[in-house]
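Inspection log for the structure reproduced underneath, given as structure tokens.
Within every chain, numbering begins at 1; the chains are lettered A, B, ... in the order of the sequence lines, protein sequences first and strands thereafter.
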Amino acid sequence: MAKKLMKGSEAIGEAAIQAGCRLFFGYPITPQNEIPEYMSHRLPQVGGTFVQAESEVAASNMLYGAAGSGARVFTSSSSPGISLMMEAISYMAGAELPAVIVNIMRAGPGLGGILPSQGDYFQATKGGGHGDYRLLVLAPWSVQEAADLVQDAFDLADFYRNPVMVLGDGLIGQMMEPVEFRTERVPCKPLPPKPWASTGWRGDRAKAIINSLFLDPEVLEQHNRNLKAKYDAMVRDEVRFATYGTERPYDVLVVAYGTVARVVSTAVDNLREEGVRVGLLRPITLFPFPYEAVRAAARRAKAVLVIELSCGQMAEDVQLAVAGSRPVHFHGRQGGMLVSPEETAEKVKEILKQTGKEARRG
Amino acid sequence: MAEALVFSRPAALESVITHYCPGCTHGIIHRLVAEVIDELGVRERTVGIAPVGCSVLAYNYFATDFHEASHGRAPAVATGIKRAHPELIVFTYQGDGDLASIGMAEIVHCANRGEKVTVVFVNNAIYGMTGGQMAPTTLPGQIATTCPLGRDVNLAGYPIRVAELISTLRTPAFVARTAVHTPLAAVQAKAILRRAFTYQKEGTCFSLVEVLSTCPTNWGMPPAEACQWLEEHMVPYYPLGVFKTPEGGDRAPRPLEGEEGPCRTT
Amino acid sequence: MQNDVIIAGFGGQGVLLIGKLLAYAGMRDGKEVSWLPSYGPEMRGGTCNCTVVISDKPVGSPVVQHPRAALVLNLPSLEKFEPMVKPGGLLLVNTSLIHREPARSDVTVVKVPANEIANELANPRGANMVALGAYLGATEAVSLPVVEEIVRETFAGKEKLVTANIEALRRGHALGAEAKKGGQP
């Protein structure tokens, strides 16, 4: 297919369709309304079904139903709506159902605002809903990558029988960039059959029971251990990250994800032109987090700078990775304010000045 | 003369012992639903959705594929399944706390969208599984563990009449209330359930069958007495009957003439 | 080589549209592009804007704090974006609606009476096209024929609109090209 200029939201919707998703359940919330709107006109064209649910609670439980009966399903929302979906997300994780949830993050807490934010990192990567579970979390930095990751998300969800979240921000949703959909896309994971799905019991397989209830503590503990083994496999096999400018020596390693990393990449270019040695590491999977890669990259730097549109959430994972071996600095914007390349450059220079002083003192 | 088999377990029921309390009418309702599924020949394409409540383990009792939903969300789960597989026969089995309290939004909107699913709504006027708390359908004055002096309608409002409420929606549907506290009532209930599932099988409309049920354990009375109590207290407040059929039209509004008060327009 | 521009005006002046046309054309021209609508505090106060980046290599930050060019169609937009243009950059001002002189002396100012020209062409809603043309003339961010091609596709089936908008584009382009040569009229 030829390159098309698309809004991130539309590209996300089209990507789901290209991935074979024919069902969308959702509820309006800014700034992601273009996704349900796109699905409502596109799905009927390909024989699919769009349902505007009465709430995010209902939408996510429709996902639970459809996923349990074996369909590729998808919903999208923004932060407050995602909070309402946490119930069903926990149930889907417990019942081991594949589904794709896109969160176009807006600033919080509470109703917050409608502008871009990365304030839902903890919610996405550390649980969010109740119980002991993990989501695979993918963070695109461009419209093309959003389209690619949404398609991969369906494969990963099916492969692991686990909900996958694509974590974007208002910028990804609103901006337009060229996108290309490969006509003959190969799934990023082998797609296992779904004998567990509730499609009607004819006696040719075990009765399908889509369930997260295990009243026997020994059975539930075993279930938890099985889930843990699955999350461990994700940690082993699914870590994705990218670097920018780290092929040359650097003094400061910047860690950022999503569109913030795009901003930082420009700062890296500008700083390099000035002779400032800086590199970028960008996690693409937020769970599993690229701890090893961050640890190794940090060792080659004098200091690490984490930049997020939050008060510092991924920063905690970076600290875990670096484990005190290098100073970890943080710069964040909140409330829908964005980081600029200039601001990033300033921060890097500040850190270098500080590091130099400390080195002299040391 | 050869022996004739006149009574057996429906194929749609598993051969297992249920966890229900002695005298509870869930067992009867399970059986009626299973008989209807058998008689309509749809067992192999039926998917049920269990609620959170006493019937949370229904998936162990029905010999069909099943989903266990989160509390109150069964109609949303049913929507997801039915939209993914319109050829399936999808039914939810929900209690009064699940459907009429925490799941009120889901049931109203599922009905209003006209999802072609069947809802079996078991109303026993109490929270059974959690130990006898007040339900949205607990009768005025009825004692429960969270209204030890009896339901005070000034504090808790009046019990919700679900069949009546759902039947006000404009979208075509089949809505009825039945009971299973006498053999005759159970026979009628089965006929109504059969009608409800048939409407789904034919792709006609959403259907909801409210079934008045007893809870001897939490009502604190022997089963026979509980059936009597249901007849004397529940049936007057929750009249049995068909409230809406897909063939029926709008409910006519009550004329304003003769009304006194601030709302009067003439 | 990168061209980036903030296009700003009030809602209804068609600033988002010309931004999209520019991005489409850049893409058609084989360049990397991004189009980003108003964000952050820039959303407030009587302006609507978008940022377009056109580059030979993958676009880094779609967020541009100090653009190489600003195309401002009304006074609030001039107030807001004039201070942000990169030193040595380009400031295109719609003099039909903006009656104060820009204060910056370290940027190239191109004055475009966009509404007057559009009215002359009996295409009063084509002021945005005149402005886009002027930007193209002054920067050659994308070649004019490619933009014309995109205009033809965008307004396909509305021949009168296509003709009128292409005329507006060309008038603006001539004006911008003239300014680039240093002969600002």
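For A:Arg72, no part sits under 4.5 Å from any heavy atom of chain B, backbone or side chain. Heavy atoms of A:Thr199 lying under 4.5 Å from chain B belong to its backbone as well as its side chain. In this structure, chain B has no heavy atom under 4.5 Å from any part of A:Ala59. Neither the backbone nor the side chain of B:Ala78 comes within less than 4.5 Å of any heavy atom of chain A. For A:Leu23, the part lying under 4.5 angstrom from a heavy atom of chain B is the side chain only. The contact between B:Leu57 and chain A is made entirely by side chain atoms (from C-beta outward), counting heavy-atom distances below 4.5 Å. Contact annotation for B:Ser70: both backbone and side-chain heavy atoms come within less than 4.5 Å of a heavy atom of chain A.
At a heavy-atom cut-off of under 4.5 Å, chain B is reached by A:Glu87, A:Tyr91 from residues 84-94 of chain A, listed in order of number. For residues 152-160 of chain A, a heavy-atom distance under 4.5 Å to chain B picks out no residue at all.
Surrounding CZ of A:Arg202 are more than 12 heavy atoms belonging to other residues, nucleotides or ligands, all under 6.0 Å away. Within a 6.0 Å radius of CZ in A:Phe50, other residues, nucleotides and ligands contribute more than 12 heavy atoms. The 12-atom threshold is exceeded at CZ of A:Phe214, counting heavy atoms of other residues, nucleotides or ligands nearer than 6.0 Å. The number of heavy-atom neighbours closer than 6.0 Å to CD of A:Gln45, taken from other residues, nucleotides and ligands shown, is above 12.
Looking at heavy atoms from C-beta onward, A:Lys207 lies in side-chain contact with B:Asp65 at the 4.5 angstrom threshold.
Residue B:Thr64 comes nearest to A:Trp201 through the heavy atom pair N-CE3, 4.1 Å, listed as atom of the first residue, atom of the second, then distance. Scanning all heavy atoms of the two residues, the minimum distance from B:Ala76 to A:Asn61 falls at CB-CB, 3.8 Å. The two residues B:Glu106 and A:Ser55 come nearest to each other via the heavy atoms OE2-OG, 4.3 Å. Residues A:Gly68 and B:His67 share a closest heavy-atom pair of CA-CE1, 3.4 Å.
Scored by the ring pair (Phe, Tyr, Trp, His ring centres under 6.0 Å) test, A:Phe25 finds no partners at all (sequence neighbours excluded). Every residue meeting the salt bridge (Lys or Arg N to Asp or Glu O under 4.0 Å) condition with A:Glu54, not counting sequence neighbours, appears here in chain and number order: B:Arg113.
Annotation: maximal heavy-atom pairing with chain A below 4.5 Å, among B:Arg45, B:Arg73, B:Lys82, occurs at B:Arg73. Put simply, of A:Ala71, A:Ser60, A:Gly48, A:Ala58, the one with the most heavy-atom pairs under 4.5 Å next to chain B is A:Ala58.
Separation of atoms CD1 (A:Ile210) and CD (B:Glu68) is listed at 11.5 Å; rounding is to 0.5 Å. With values rounded to the nearest 0.5 angstrom, A:Ser198 atom OG is found 4.5 Å from B:Ile81 atom CD1.
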